[in-house]
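The structure displayed is predicted, hence computed values, not measured ones. We name chains A, B, ... by the order of the sequence lines, and we start the count at 1 in each one.
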2 protein chains.
Amino acid sequence: MSRRSTIYDVARVAGVSVGTVSRVLNGHPVGAASRAAVQRALVSTGYVANQHARRLAGARPATVAFLHCVPGDRLLADANVNTLQLDCRRALGDEDIMMVTPVAGGGPSDTAVRALAARLDDPVLVFSAPRDSTAVADLAGRGVPVVSCGVPLGHERRVSYVTTDDRDGAQQIVSYLRSRGRRRIATITGPMDLPGGVQRLAGYRDAVGTFDPALVVPGDYTFEGGLAATRQLLRQAPDLDAIFAASDTMAAGALAACEQAGRQVPGDVAVAGFDDAKIATQTRLTTVRIPWHRYAAQLTIQLLRRMAGDEPSGVVMPVDLVIRASA
Amino acid sequence: MSRRSTIYDVARVAGVSVGTVSRVLNGHPVGAASRAAVQRALVSTGYVANQHARRLAGARPATVAFLHCVPGDRLLADANVNTLQLDCRRALGDEDIMMVTPVAGGGPSDTAVRALAARLDDPVLVFSAPRDSTAVADLAGRGVPVVSCGVPLGHERRVSYVTTDDRDGAQQIVSYLRSRGRRRIATITGPMDLPGGVQRLAGYRDAVGTFDPALVVPGDYTFEGGLAATRQLLRQAPDLDAIFAASDTMAAGALAACEQAGRQVPGDVAVAGFDDAKIATQTRLTTVRIPWHRYAAQLTIQLLRRMAGDEPSGVVMPVDLVIRASA
DNA sequence: TTGTACGCGTTATCAG
DNA sequence: CTGATAACGCGTACAA
């Protein structure tokens, strides 16, 4: 209805020039008298900055894009990502930065995501970027600040990132299982094209002692995947006495499969997961805890740093064990 | 690194004026020769429009804000909202519109949301707007296209909305319970400051026959709320033989409470919910199905219409019963 | 300290 | 059909 007031309106009301108004707005040095007058005019006119004009004139970005490289459906399933996103939104909100969530029209294909990324000029937070993502390459090449959630395989030097010490976590939990007397420890891995999947398997190998291929089956981080993998495991290695799943969701599936197969948990077989996701609490799962809140905080810090012009850098968050009823 | 190319660059390469380039970009009439030249220049320069400049110059908004009026934490719990959001993102993505999700720094207070809304100038999709929301009033007053998910109590005439036939749904399910021989049907209501809560209770009253206050307890749409409400119900009306919860989440809580109290479902007491949320499938809950996908489609349509200048309008989605094991 | 004037990239108007 | 050119709202050198 009524046109929004501009800095010109404010300037007129305050009896100063637009330059002065702009300075007040950006915290630059201004005389006390003018400043007061502007402040007053600001509220009396109900001024709200036009972010487009502001950005066009070269101001700091007012938005950050949250870029997902996997189909939305799968994302919904991941409560961890939701938590991270929420935390980041809060933190960025404190900096007056809004989060935009573009979405790929076609699917999860790298090219679809790349097309999306092309229209982005504000800083970007990427999730689940596949190895050598061309979208990430594009962004980085154009000088857009990028922070990756997880190691950006193939672009470690050009974009900042925050990751977890997956290998150590897997090592810790497998060692724990061994310390509890388990000797036939199986594992359900994550997707091997994601860094987490690789590292968690590596940690398993580090700690498991003698490596038996029959005790390793691939998973995809889903409940159903965990279910199927466990059935296969129970078939090809009936004597196993522990299962380490690379994610809590899969571990929950393992729990269900064990129950169906009549195996007592943790009596007959111990089950452990990874992430300390919500479902881990609900099913009383022993798992590896990722400090999600601090993780999100780091993500935000990295982003702000890049925006301020700092060089890309990576940080890895430590993890620890949380022992519950399943192992 | 390298500056993004502008329409000036494109114009130079194509050997035409910026006006012509702009016309091509916006699908306005242009000579075949020029058009071809521009198209070529467009790809050869890798041109990507600057949305800020575009918007500043008066173009159609390229983003839509997804505004939540409740704290983020509660939102995560609501899978329905997530689904809606995802569907809308997809549909809007097809129109080259991105979704931004601002977040209130402080909390769910109406003033916090209002402050947020103040910086919005693009169309808005509001969720869980409380009665007489000042944020919505603000937006509508400034002429911002607003579409509400659910009836925007107090602003029915000024903003578009999509809602469900809550009253009818409640009526249907209570009638169903009666047809199955249930005579002491209790209900756990939703928050009374939300339209859904009010309407679902109204539908219950419509169909329940004789109304007994002892059979009605308030809920808050949460699992815990359903749990507590059911305990109270079982205490104050031990002879009840059915419970209609105003949301599936609460119904799940009711299921748990019944189990703990040793009441068989549906033998001793029938339990029904509302929404047909994910948890309803998992717990085999009889409930009222809301056509979420079509709901989202309507939301998008309404939004696009308002953007095109149409008057605000409301649409109500029909609902139907889905009978499962709980009743 | 403060005011002025220019530039940011597009769209749209107005002549040609 | 096409080419100039004036907005759009704000940041910021530059000048005073």
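- Pairs engaging residues 144-158 of chain A under the side-chain hydrogen bond (donor to acceptor under 3.5 Å, both in side chains) rule: none recorded [sequence neighbours left out].
- The bend of the helix from dT1(C)-dA16(D) to dG16(C)-dC1(D), defined by the angle between the axes of its first five and last five pairs, stands at 40° to the nearest 10°.
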Next item on the list: Apply side-chain contact (heavy atoms from CB on, under 4.5 Å) to L84(B) and C149(B), showing your working.
Entry: CA-CA 10 Å; L84(B) 276 182; C149(B) 195; 3.7 Å; yes
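- A11(B) meets the side chain to side chain contact (heavy atoms under 4.5 Å, CB included) test with V18(B), V21(B); sequence neighbours excluded.
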Next item on the list: Heavy atoms under 4.0 Å is the rule here; annotate nucleotides 8-16 of chain C 5' to 3' with B where the base is hit, S where only the sugar-phosphate is, and - elsewhere.
Entry: BBBBBB---
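- For DNA chain D, the contact window with chain A, defined by any atom under 4.0 Å from a protein heavy atom, covers dG9(D) to dA13(D) in 5' to 3' order.
- Partners of S44(A) under the side chain to side chain contact (heavy atoms under 4.5 Å, CB included) rule, at least two apart in sequence or in another chain, are V13(A).
- Take V30(B) and apply the side chain to side chain contact (heavy atoms under 4.5 Å, CB included) test, not counting sequence neighbours, and it matches T20(B), R23(B), V24(B), S34(B), R35(B).
- Applying the salt bridge (Lys or Arg N to Asp or Glu O under 4.0 Å) test to R12(B) and every residue at least two apart in sequence or in another chain returns D9(B).
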Expected list for residues 302-310 of chain B: side-chain donor-acceptor pairs under 3.5 angstrom, two or more places apart:
{"residue": "Q302(B)", "atom": "OE1", "partner": "S313(B)", "partner atom": "OG", "Å": "3.0"}
{"residue": "R306(B)", "atom": "NE", "partner": "D310(B)", "partner atom": "O", "Å": "3.3"}

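- Residue pairs that meet the ring pair (Phe, Tyr, Trp, His ring centres under 6.0 Å) test with at least one member in residues 22-67 of chain A, sequence neighbours left out, are H52(A)-H52(B), F66(A)-H68(A), F66(A)-F127(A).
- Not counting sequence neighbours, the partners of D122(B) by the salt bridge (Lys or Arg N to Asp or Glu O under 4.0 Å) test are R55(B).
- In terms of the side-chain hydrogen bond (donor to acceptor under 3.5 Å, both in side chains) criterion, residue partners of D96(A) (sequence neighbours excluded) are, by chain and number, R119(B).
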